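Keep in mind that this is a model prediction, so the values were computed, not measured.
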Amino acid sequence: MEITQNTALVVVDVQKGFDDAAYWGPRNNPAADGNIASLITAWKDTGRPVVFVRHDSAGPDSPLRAGSAGNAFKDYVEAGRGSAGPELLVTKSVNSAFYGTPDLHAWLREAGITRIVLAGIQTNMCVETTARMAGNLGYDVLFALDATHTFDLAGPDGLHLTADELARATAVSLHGGGFARVVTTAALTTAART
């Protein structure tokens, strides 16, 4: 896999509020934070563009509500900001980073970026929605599944899926559906450093 110098890393919603287990319930992939940190470091060390996306929830009870302690980026993400390469902060209140401020699509196009790597929280929500939109907009999308995590979720009529089941469904839908290529953090960091 080739990672060109202008391949952008898009880090979605890696915020302290997602550590509130009482609110979100059981999660998967405890290695996600370490993998996200590795990607940020690899992109920062090589001067590649990084986009940090923050979800500003309007819900009064949400751990991600704007102005709350949980709205802040996790410490390792905050430490990774100020990279050597181009950097952008996008804030949003919906699932897709392409419906945020400033306009992510415009920034990527102006920078000549046609390939993005996605990582963050939640696998099947904001990261997947951003991947689908990016694919529809014509970007070459690399989805770092092991650099994401999600939570168990209840659906209609008693249907319940575990976080691992949801992550597998996301991987199959994105990869099999042609929206993105599902890849590993190790493959991405190795390629970024060669």
Side-chain angles (χ1 to χ4, degrees), residues 1 3 7-43 50-55 57 62-64 70 73-74 76-77 80 90 92 94-100 115-136 139-192:
M1 170 185 354
I3 300 294
T7 298
L9 172 65
V10 180
V11 181
V12 180
D13 301 350
V14 184
Q15 295 165 251
K16 292 180 178 181
F18 279 118
D19 289 336
D20 184 347
Y23 184 87
W24 299 103
R27 68 168 272 189
N28 72 330
N29 193 15
D33 287 299
N35 289 331
I36 296 165
S38 294
L39 288 169
I40 293 170
T41 299
W43 258 250
V50 182
V51 177
F52 294 98
V53 181
R54 187 184 72 220
H55 190 89
S57 177
S62 172
L64 305 177
F73 288 125
K74 293 188 181 190
Y76 70 87
V77 173
V90 173
K92 63 179 182 60
V94 295
N95 297 97
S96 176
F98 287 97
Y99 285 122
R115 176 183 285 169
I116 64 171
V117 171
L118 280 166
I121 309 168
Q122 299 181 55
T123 311
N124 58 312
M125 297 288 189
C126 294
V127 190
E128 180 177 349
T129 303
T130 300
R132 286 176 179 273
M133 275 201 73
N136 283 170
Y139 292 96
D140 179 15
V141 182
L142 302 174
F143 193 92
L145 183 66
D146 64 353
T148 72
H149 77 75
T150 193
F151 305 91
D152 290 8
L153 193 61
D157 303 321
L159 182 63
H160 179 273
L161 294 178
T162 67
D164 279 335
E165 289 170 331
L166 290 165
R168 285 195 301 274
T170 291
V172 171
S173 294
L174 292 179
H175 198 92
F179 292 100
R181 287 179 284 155
V182 175
V183 295
T184 65
T185 296
L188 288 164
T189 55
T190 297

With side-chain contact (heavy atoms from CB on, under 4.5 Å) as the test, would you mind laying out the steps for Asn35 and Thr184 before giving the verdict? CA-CA 9 Å; Asn35 289 331; Thr184 65; over 6 Å; no
Only pairs at least two apart or in different chains count here, so list each side chain to side chain donor-acceptor pair (under 3.5 Å) that has a residue in residues 150-160. Gln122-Thr150, Asn124-Thr150
Any donor-acceptor pair under 3.5 Å from Glu128 side chain to Leu174 backbone: no
In short, Val141 meets Ala134 closest at the heavy-atom pair CG2-CB, 3.5 Å
On a heavy-atom basis, the closest approach of Gly17 and Leu64 is CA-CD2, 3.8 Å
How close do Gly120 and Val127 get, counting heavy atoms only, and between which atoms? C-CG2, 3.5 Å
Spacing of OG belonging to Ser57 relative to NZ belonging to Lys92, to within rounding of 0.5 Å: 9.5 Å
Shortest non-hydrogen contact between Ala180 and Phe143, atoms and distance: CB-CB, 4.1 Å
Students often mix this up, so state it plainly: with edges at 30° and 60°, are the rings of Phe151 and Trp24 parallel, tilted or perpendicular? parallel
With sequence neighbours excluded, residues passing salt bridge (Lys or Arg N to Asp or Glu O under 4.0 Å) with Asp146: none
Find the distance between CZ (Arg54) and CZ (Phe73) and round it off to the nearest 0.5 Å. 6.0 Å
Scan Val90, Leu9, Val77 and name whichever one has a side chain to side chain contact (heavy atoms under 4.5 Å, CB included) with Phe52. Val77
Can a donor-acceptor pair be found, under 3.5 Å and without considering hydrogens, that links the side chain of His55 to the backbone of Asp13? no
Checking Trp43 side chain against Ala192 main chain: does a donor-acceptor pair fall under 3.5 Å? no
Mind checking whether Tyr99 and Met133 have side chains closer than 4.5 Å, heavy atoms only? yes
Closest heavy-atom contact between Cys126 and Val12? CB-CG1, 3.8 Å
Within the structure provided, determine whether Asn28 and Thr162 are in side-chain contact (heavy-atom separation under 4.5 Å). no
Rounded to the nearest 0.5 Å, what separation is found between the OG1 atom of Thr189 and the CD1 atom of Ile3? 9.5 Å
With a 4.5 Å cut-off on side-chain heavy atoms, are Thr170 and Leu166 touching? no
For Ile36 and Ala147 the tightest heavy-atom approach is CG1-O, 3.1 Å
Can you confirm whether more than 12 heavy atoms, excluding those of Tyr76, are under 6.0 Å from its OH atom? yes
CG on Leu142 to CG on Leu39, rounded to 0.5 Å: 10.5 Å
Separation between CD1 (Ile121) and CD (Gln15), nearest 0.5 Å, reads 8.0 Å
Is it true that a side-chain atom of Thr148 and a backbone atom of Leu145 form a donor plus acceptor pair closer than 3.5 Å? yes
Atom OG1 in Thr7, atom CZ in Arg115: separation rounded to 0.5 Å? 5.0 Å
Passing candidate, side chain to side chain contact (heavy atoms under 4.5 Å, CB included) with Val10, options Val117, Val53, Val50: Val53
Arg168: which residues meet the salt bridge (Lys or Arg N to Asp or Glu O under 4.0 Å) condition with it, sequence neighbours left out? none
